[in-house]
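This report concerns only the one structure given below.
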Protein chains: 2
Amino acid sequence: MRYSKQREEILKIIRNTNVHPTADWVYEQVRKTIPNISLGTVYRNLNQLVAAELILSIKDNTVVRYDGNVNPHNHFKCLRCGNVYDVEIPENDFIPQINRIGAHRVTNVRLELEGICADCVQKEKLN
Amino acid sequence: MRYSKQREEILKIIRNTNVHPTADWVYEQVRKTIPNISLGTVYRNLNQLVAAELILSIKDNTVVRYDGNVNPHNHFKCLRCGNVYDVEIPENDFIPQINRIGAHRVTNVRLELEGICADCVQKEKLN
DNA sequence: AATATTAATAGTAATCATTATTGTTATTGT
DNA sequence: ACAATAACAATAATGATTACTATTAATATT
């Protein structure tokens, strides 16, 4: 993978946010510094960065979101505001029980959490 | 929701399979008995059946799959053959620890499992 | 440093699952 | 039987993503 300023900028943007951006959001951001970048370039580079394991991709409904935090962790989606949060869960607590599901060999466990985030819970209390 | 033979047929098809079909698969099946049914009708009815909680929808990569089993359960996807299996997990074992993730209020926990299914493990041993 | 090689780019067209639209048909209440 | 309207078939539109093509730029080689 040879260097390009487009890819460097895209990686920097993803590492400097915690909003789990979509390709389109990244596109809007990177256009501020590289105005004539192509949306296709953003998609291609996001895929390359995922392949190189420099970022993670998470599927949210119909869109793909990206995450600069490559440490194993899970996600919590707020059903009210739509934000996606990183959550650390001590996987050891429940993974062992999961590895023997029937006769299937489990290699990958993803926990998807939904609910109301702390901010929205707070706002709810104010009403 | 008023009656239609199209919806009845779609529901029957989903209840009589365990392949977690896509909209397109359902469309091909239902065309055997209702040849001039429209793909749009299949999509609209699948959405209505999900809203009525008569079936479940599960997202698999870029497509949506449907499941006639509405009891709480999780899914295991085989990375070799692509099949999606229902798996029953005693949720009680790990859910309690999860409900207190930070200050977020968790209402929904989905566990997505991946690996090699029993059939593929078996085939692997034969080689 | 100049040149050759080819990955990466910008711009745009194509794809694919899904949803929306429109005119017609079928179900249900009166 | 008839009116009201949910559901239909057919098809157009949408939106996220990928593919294509000619051009540009990063790295290797002389």
As a check of understanding: the bend across the helix from C/dA1-D/dT30 to C/dT30-D/dA1, end axes from five pairs, rounded to 10 degrees, works out to 30°
Identify the two heavy atoms, one from B/H104 and one from A/Y85, that lie closest to each other, and give their separation to 0.1 Å. NE2-CG, 3.7 Å
Those residues of residues 60-70 of chain B lying under 4.0 Å from DNA chain D by at least one heavy atom: none
For the residue pair B/E9 / B/T33, report whether a side-chain donor-acceptor contact shorter than 3.5 Å exists. yes
Measuring only between side-chain heavy atoms, which start at C-beta, is A/R31 closer than 4.5 Å to A/N36? no
Its 5'-most and 3'-most nucleotides having an atom under 4.0 Å from a non-hydrogen atom of chain A, DNA chain C is contacted over C/dT6 to C/dG11
Polar side chain donor-acceptor pair, A/N83 to A/H20, under 3.5 angstrom: no
State, with a plain yes or no, whether a side-chain heavy atom of A/D86 is found less than 4.5 Å away from one of A/N18. no
Can you check whether A/M1 reaches A/Q48 side chain to side chain, under 4.5 Å on heavy atoms? yes
Does the side chain of A/E8 come within less than 4.5 Å of A/Y3's, by heavy atoms? yes
Looking only at heavy atoms, the pair that brings A/E53 and A/V70 closest together is O-CG1, 3.7 Å
With a 4.0 Å heavy-atom cut-off, tell me which residues in residues 29-53 of chain A come close to DNA chain D, sorted by residue number. A/L39, A/Y43, A/N47
Is there a side-chain contact between B/R80 and B/E124, using heavy atoms and a 4.5 Å cut-off? yes
Quick one: does A/H75's side chain get under 4.5 Å of A/D60's, heavy atoms only? no
So, do A/E112 and B/V109 sit near enough that their side-chain heavy atoms are less than 4.5 Å apart? no
Taking C-beta and beyond as the side chain, do B/V84 and B/I58 meet within less than 4.5 Å on heavy atoms? yes
Is the side chain of A/N61 donor-acceptor paired with the backbone N or O of A/V63 at a distance under 3.5 Å, no angle test? no
Taking DNA chain C as the partner, which of residues 1-11 of chain A come within under 4.0 angstrom of it by heavy atom? A/M1, A/R2, A/S4, A/Q6, A/R7
Got a second to check how far A/R2's CZ is from A/R7's CZ, nearest 0.5 Å? 10.0 Å
Tracing side-chain contacts under 4.5 Å among Ile, Leu, Val, Met, Phe, Trp and Tyr outward from A/I13 reaches A/I10, A/L11, A/I14, A/V19, A/W25, A/V26, A/Y27, A/V30, A/I34, A/I37, A/L39, A/V42, A/Y43, A/L46, A/L49, A/V50, A/L54, A/I55, A/V64, A/Y66
